[in-house]
Amino acid sequence: QVQLVESGGGLVQAGGSLRLTCAASGDIFSINTMGWYRQAPGKQRELVAAITNGGGTNYADSVKGRFTISRDRTKNTVYLQMNSLKPEDTAVYYCSADMISRKSYPLSSDYWGQGTQVTVSS
């Protein structure tokens with residue numbers, strides 16, 4: 001069984017910072033791209049940032065220059081450093097990973113975490 005567990009959400013004032021952490025665990029063979037998505041009330045889930053196995057990154061235009069995604073391959077962990085937070089960043093943030101488990105090798109699947117709430121007050 002493979003799972004993703006997020007942590008680090010919370011309540012912060014506008015202009016503040018938060019760091020989200022997502023750790024993958026279980027019977028993992030390999031992890032490809034890892035990313036963060038978010039979903040605000042009444043809106044569709046959207047990509048915030050993603051990082052490939054080789055370290056390439058991709059960001060939503062709305063977070064460029066404010067958010068930084070990074071990854072520790074030795075710990076199967078991905079981070080999202082969020083600076084200069086705005087009220088419009090308020091959402092549930094989900095970690096996602098394209099992973100191959102030993103059981104499903106060589107097929108990969110998309111896995112999701114349970115989500116962590118980020119609330120930015122004005």
Side-chain angles (χ1 to χ4, degrees):
Q1 185 178 358
V2 176
Q3 64 177 351
L4 298 172
V5 178
E6 302 117 331
S7 61
L11 173 64
V12 64
Q13 288 187 334
S17 299
L18 284 174
R19 189 192 195 207
L20 304 183
T21 299
C22 172
S25 63
D27 193 23
I28 300 169
F29 176 80
S30 66
I31 304 176
N32 300 318
T33 299
M34 302 185 80
W36 291 94
Y37 289 73
R38 67 186 180 187
Q39 187 167 19
K43 294 188 177 180
Q44 290 187 332
R45 189 173 298 188
E46 62 175 356
L47 175 68
V48 176
I51 184 167
T52 68
N53 195 31
T57 59
N58 182 39
Y59 294 92
D61 288 342
S62 59
V63 306
K64 284 181 180 177
R66 300 188 297 122
F67 291 9
T68 303
I69 190 170
S70 61
R71 178 172 176 173
D72 185 337
R73 294 177 60 186
T74 65
K75 297 181 179 179
N76 290 335
T77 299
V78 63
Y79 307 95
L80 185 67
Q81 178 66 43
M82 305 185 294
N83 299 328
S84 302
L85 282 161
K86 304 175 181 179
E88 51 263 44
D89 294 317
T90 296
V92 177
Y93 284 69
Y94 296 90
C95 174
S96 176
D98 177 32
M99 297 191 286
I100 301 174
S101 70
R102 288 188 171 83
K103 183 177 181 180
S104 68
Y105 177 88
L107 301 177
S108 68
S109 297
D110 289 332
Y111 293 84
W112 292 87
Q114 79 285 357
T116 184
Q117 177 71 45
V118 171
T119 302
V120 184
S121 62
S122 58

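If you read the sequence from its start, that first residue is 1, and numbering goes on from there.
Taken from CD in Gln13 to OG in Ser122, the straight-line distance is 9.5 Å, to the nearest 0.5 Å. Here the OG1-OH distance, from Thr68 to Tyr79, works out to 14.0 Å after rounding to the nearest 0.5 Å. In this structure, CG on Asp98 lies 10.0 Å from CD1 on Ile31, to the nearest 0.5 angstrom. Taken from OG in Ser70 to CZ in Arg19, the straight-line distance is 6.0 Å, to the nearest 0.5 Å. Summarising the geometry, atom OG1 belonging to Thr52 is positioned 10.0 Å from atom CG belonging to Asn58; distances are rounded to the nearest 0.5 Å.
The shortest side-chain heavy-atom distance between Leu4 and Met99 falls under the 4.5 Å cut-off. For the pair Gln117/Thr90, a side-chain contact is recorded, criterion being any heavy-atom separation below 4.5 Å from C-beta on. Looking at Tyr111 and Ser96, their side chains never come closer than 4.5 Å, going by heavy atoms from C-beta outward. Side-chain contact between Met34 and Thr77 is absent, with no heavy atoms from C-beta onward closer than 4.5 Å. Val118 places a side-chain heavy atom less than 4.5 Å from the side chain of Met82. The side-chain heavy atoms of Arg45 and Trp112, taken from C-beta on, include a pair separated by under 4.5 Å.
Gly115 and Val92 make their closest contact through CA-CG1, 3.9 Å (heavy atoms, listed as atom of the first residue, atom of the second, distance). Between Arg71 and Thr33, the shortest heavy-atom contact is NH1-CA, 4.2 Å. Across Ala91 and Arg38, no two heavy atoms sit closer than the pair CB-CB, 3.8 Å. Across Tyr94 and Gly113, no two heavy atoms sit closer than the pair CD2-O, 3.7 Å. Annotation for Tyr59 and Ile69: closest pair OH-N, 2.9 Å, computed over non-hydrogen atoms. The shortest heavy-atom contact between Ala14 and Pro87 is CB-CD, 4.1 Å.
By the 30° and 60° cut-offs, the orientation of the rings of Tyr93 relative to Phe67 is tilted.
Looking only at distances, a side-chain donor or acceptor of Arg102 sits under 3.5 Å from a matching main-chain atom of Ile28. Judged by distance alone, the side chain of Glu6 and the main-chain N or O of Gln114 form a donor-acceptor pair under 3.5 Å.
Comment: Asp61 engages Lys64 in a salt bridge, judged by a side-chain N to carboxylate O separation of less than 4.0 angstrom.
With hydrophobic clusters built from ILVMFWY side chains whose heavy atoms lie under 4.5 angstrom apart, Ile51 shares a cluster with Val48.
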